[in-house]
Novice: 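The following block contains the structure, expressed as structure tokens.
Just so it is clear, the values below take in all heavy atoms, side chains as well, and ignore hydrogens, waters and symmetry mates. Since we're looking at a predicted model, the values are computed, not measured.
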Amino acid sequence: METFRTKLARACGWGPTGASWAWLGNFEVERDWKRADVLGLPGLPGRASEALNNSLSELALLLAAPEDLVLLKQAPDPDFLAYLAELGWKTPSFVTAGGEEELSLTRSLLENASALETIRAWTKASSGRLMPHGVSPLEEELARKSGLPLAAPLSAVARRVNSKVYSRRLCARLGIRQTEGRIALSLVELERALRELEPLLLQTPLVLKDAMGVSGKGILLLENEARCRQVLRMLRQAADKRGYARAEFIVEQWISKSADVNYQFLVGKNGQTEMLGVLTALVRGGVHQGHLHPHTLPPEAERELADTAATIGRELAYDGYYGVVGVDAMVGADGTLYPCVEINARLNMSTYHTRVLSEHVPEGRYALIRAVPFTSVAPFSFAVLRDALGEALYTRRGGRGIFVCAFAPAGMSGEAGGPGRLYAAMIGDSRDECLHWYEQCCKRLQTIAGVRLSGQSLH
């Protein structure tokens, strides 16, 4: 069976023979796509959030082959690497950037001369290419300084096609069903958009989105006219203080949903698309929580998503993009499918679980992939986590249980009340069994000294 790596190499116009990848999990690259002279909505990440983003780069181990290189902030726990080896993974080479906790992974690599030299040596030996989560000017600089060629389009292309403004304009031009809404590129346009959409407030709230917002950041719910006026005042004050009023906002009708959906596909340089999969997305307050596999969409909805992917893919290729694309979709409470809420032309959270699903979740089996947030008074090792999970831990022989996808976000919490997240796939013979494993995961995680859950289960 053709692997994801082989398909990705073909989409990027790179022959699969001898192809090696350097994987860079620069999560929340959208922050680096934001223009400095554009007004935004509140919700900038803090120090703890930056540390979490850096630790998420460990998910790239799930995509890497032995001949690949994985760029990380810190070295993985050896016992976690041993666990992945038990499941059939062969450990790739990796480079650790180190550096200050609040410094992003890419910036840390750029400031580490030893890491850059190690990357140069690997590149000469392997003729590999850099595959980041997404490309910003920082990743372009890393490619230049390390001599590691980019395998993805340049940042100017990435920024354009990842904007929610691009998504909305594309859907309008191609007749792809979307919610009632407007684009606002200034405060004057935003005021006009809110005035035009005001009648909708009698039935449903509006939602204001930053064009480069991600994971619940840069989204405000506008429940009534008073809230609209309050937000406009806030933005005018910010504009007066900064001396500019340029904006990149989307205002849309809020839709009551019966399901959130994420589908993923590859776009080749020739515009050809190949579907990678459709998952039910778990979303709370605009924040991604995880995925359910398999999805429960009817066949006609799945066909519409495939047709939409092909249409979007041709447009993306025309605009210079190729590689992995994830699209968020939703099903309204009335059953209406909205096949393109926004385009994420980059690697997605679901990308990192491609191999887990293909190799460990055969047809007839189910998976609940999600993060379990918690706080811990001190860091702990994978050996401690393994002991806590006990027989609930997924093994190849058992084929069911809690598959730990990344340990770094869980073991990173060091300060009193420090945040952590356990990224895991609950694999079972039914959705009910997956929920059972999730409940076991929550219960057993709290047997570790000093650990307390900080989120509620999402069933």
Novice: Do you know the tightest heavy-atom contact between Gly134 and Val29?
Specialist: O-CG2, 3.7 Å
Novice: Measure the shortest side-chain to side-chain distance between Pro149 and Thr123 over non-hydrogen atoms and say whether it is less than 4.5 angstrom.
Specialist: yes
Novice: Do Leu150 and Pro132 come within less than 4.5 Å of each other through their side chains, counting heavy atoms only?
Specialist: yes
Novice: Any side-chain heavy atom of Phe94 sitting closer than 4.5 Å to one from Leu81?
Specialist: yes
Novice: Among all residues two or more places apart in sequence or in another chain, which pass the side-chain hydrogen bond (donor to acceptor under 3.5 Å, both in side chains) test with Gln178?
Specialist: Arg168
Novice: Short question: side chain of Thr336, backbone of Gly332 - any donor-acceptor pair under 3.5 Å?
Specialist: no
Novice: With no hydrogens and no angle check, just 3.5 Å: does a side-chain donor-acceptor pair link Ser350 and Asn262?
Specialist: yes
Novice: Should we say atom CD of Glu100 is surrounded by more than 12 heavy atoms from elsewhere, each under 6.0 Å from it?
Specialist: no
Novice: Can you tell me how far CG of Asn53 sits from OG of Ser104, rounded to the nearest 0.5 angstrom?
Specialist: 9.5 Å
Novice: So do Gln440 and Met426 actually touch side chain to side chain, heavy atoms under 4.5 Å?
Specialist: no
Novice: Who passes side-chain hydrogen bond (donor to acceptor under 3.5 Å, both in side chains) against Tyr322, sequence neighbours left out?
Specialist: none
Novice: Any sub-3.5 Å donor-acceptor pair from Asn162's side-chain atoms to Glu30's backbone N or O?
Specialist: no
Novice: Is there side-chain contact between Leu103 and Glu101, with heavy atoms separated by less than 4.5 Å?
Specialist: no
Novice: So which atom in Gly411 and which in Pro379 form the shortest heavy-atom distance, rounded to 0.1 Å?
Specialist: O-CB, 3.4 Å
Novice: Evaluate side chain to side chain contact (heavy atoms under 4.5 Å, CB included) for Leu337 paired with Leu305, printing each intermediate quantity in order.
Specialist: CA-CA 9 Å; Leu337 174 65; Leu305 294 183; 4.1 Å; yes
Novice: Taking Glu439 first and then Lys443, would you say they form a salt bridge - that is, a charged N and a carboxylate O separated by under 4.0 Å?
Specialist: no
Novice: Which residue pairs pass the salt bridge (Lys or Arg N to Asp or Glu O under 4.0 Å) test with at least one member in residues 320-344, sequence neighbours excluded?
Specialist: Lys164-Glu342
Novice: Distance-only, no hydrogens or angles: does the Tyr263 side chain make a donor-acceptor pair with backbone N or O of Pro339 under 3.5 Å?
Specialist: yes
Novice: Enter the distance from Phe403:CZ to His353:NE2 here, rounded to the nearest 0.5 Å.
Specialist: 8.5 Å
Novice: Atom CG in Leu41, atom CG in Leu208: separation rounded to 0.5 Å?
Specialist: 5.0 Å
Novice: Checking Arg370 side chain against Gly290 main chain: does a donor-acceptor pair fall under 3.5 Å?
Specialist: no
Novice: Give a yes-or-no answer on whether the side chains of Trp23 and Asp68 include a donor-acceptor pair shorter than 3.5 Å.
Specialist: yes
Novice: Let's go through Arg400 and Glu433 carefully: what are the C-alpha distance in whole Å and the side-chain angles of both, what is the deciding distance for salt bridge (Lys or Arg N to Asp or Glu O under 4.0 Å) to 0.1 Å, and is it a yes or a no?
Specialist: CA-CA 9 Å; Arg400 296 153 55 245; Glu433 185 183 355; 2.6 Å; yes
Novice: For Arg107, look at atom CZ and say whether over 12 heavy atoms of other residues, nucleotides or ligands are found less than 6.0 Å away.
Specialist: no
Novice: So how far is it from Asp260 CG to His295 NE2, rounded to the nearest 0.5 Å?
Specialist: 14.5 Å
Novice: Side-chain polar contacts of residues 272-283 - donor-acceptor pairs under 3.5 angstrom, sequence neighbours left out - could you list them?
Specialist:
from   : atom 1 : to    : atom 2 : distance (Å)
Glu274 : OE1    : Arg10 : NH2    : 3.2

Novice: Could you report the tightest heavy-atom contact between Ile343 and Ser167, atom names first, then the distance?
Specialist: N-OG, 3.0 Å
Novice: CG/Leu130 to CD1/Ile119 distance, rounded to the nearest 0.5 angstrom?
Specialist: 8.0 Å
Novice: Just to verify, what does Thr3 make a side-chain hydrogen bond (donor to acceptor under 3.5 Å, both in side chains) with, not counting sequence neighbours?
Specialist: Thr6
Novice: Which pairs count as side chain to side chain donor-acceptor pair (under 3.5 Å) when at least one residue sits in residues 108-117, sequence neighbours excluded?
Specialist: Lys73-Ser108, Glu117-Arg120
Novice: Check whether any side-chain heavy atom of Trp14 sits under 4.5 Å from a side-chain heavy atom of Trp21, and report yes or no.
Specialist: yes
Novice: Do Pro76 and Phe407 come within less than 4.5 Å of each other through their side chains, counting heavy atoms only?
Specialist: no
Novice: Is there a side-chain contact between Leu72 and Val95 in this structure, where contact means two heavy atoms from C-beta onward sitting under 4.5 Å apart?
Specialist: no
Novice: Should the pair Glu315-Arg169 be classified as a salt bridge under the 4.0 Å nitrogen-to-oxygen rule?
Specialist: no
Novice: Checking Glu139 against Ser136: is there a side-chain donor and acceptor pair closer than 3.5 Å?
Specialist: yes
Novice: Taking only residues two or more places apart in sequence or in another chain, which ones pass side-chain hydrogen bond (donor to acceptor under 3.5 Å, both in side chains) with Tyr321?
Specialist: none
Novice: Check whether the side chains of His360 and Tyr394 place a donor and an acceptor atom closer than 3.5 Å, and report yes or no.
Specialist: yes
Novice: What is the minimum heavy-atom distance between Arg355 and Gly88, and which atoms define it?
Specialist: NH2-O, 3.6 Å
Novice: Looking at OG1 of Thr395 and CG of Leu87, how far apart are the two atoms once the value is rounded to the nearest 0.5 Å?
Specialist: 8.0 Å
Novice: Report the C-alpha distance between Arg452 and Leu445 in whole Å, list the side-chain angles of each, state the deciding distance to 0.1 Å, and finish with yes or no for side chain to side chain contact (heavy atoms under 4.5 Å, CB included).
Specialist: CA-CA 8 Å; Arg452 294 291 180 271; Leu445 190 59; over 6 Å; no
Novice: Side-chain polar contacts of residues 361-369 - donor-acceptor pairs under 3.5 angstrom, sequence neighbours left out - could you list them?
Specialist:
from   : atom 1 : to     : atom 2 : distance (Å)
Arg365 : NE     : Asp429 : OD1    : 3.1
Arg365 : NH1    : Gly399 : O      : 2.8
Arg365 : NH2    : Asp429 : OD1    : 3.2

Novice: Would you mind listing every side chain to side chain donor-acceptor pair (under 3.5 Å) that reaches into residues 75-99, with sequence neighbours excluded?
Specialist: Glu86-Arg386
Novice: What pair of heavy atoms forms the shortest contact from Leu62 to Val356, and how long is it?
Specialist: CD1-CG2, 4.1 Å
Novice: Can you list the steps and then say if Glu67 with Ser126 is a side chain to side chain donor-acceptor pair (under 3.5 Å)?
Specialist: CA-CA 8 Å; Glu67 63 269 26; Ser126 66; over 6 Å; no
Novice: With sequence neighbours excluded, tell me which residues meet side-chain contact (heavy atoms from CB on, under 4.5 Å) with Ser258.
Specialist: Val331
Novice: Any sub-3.5 Å donor-acceptor pair from Ser454's side-chain atoms to Phe374's backbone N or O?
Specialist: yes
Novice: By the ring-ring contact (aromatic ring centres under 6.0 Å, His included) test, which pairs, at least two apart or in different chains, include something from residues 109-160?
Specialist: Phe27-His133, His133-Tyr352
Novice: Of all the heavy-atom pairs spanning Pro373 and Arg421, show the shortest one and how long it is.
Specialist: CA-CG, 4.0 Å
Novice: Could you walk me through whether Ser155 and Glu140 pass the side chain to side chain donor-acceptor pair (under 3.5 Å) test, one step at a time?
Specialist: CA-CA 7 Å; Ser155 63; Glu140 292 176 346; 3.0 Å; yes
Novice: Return each pair, listed once, that meets salt bridge (Lys or Arg N to Asp or Glu O under 4.0 Å) where at least one residue sits in residues 151-160; pairs must be two or more places apart or across chains.
Specialist: Arg159-Glu248, Arg160-Asp319
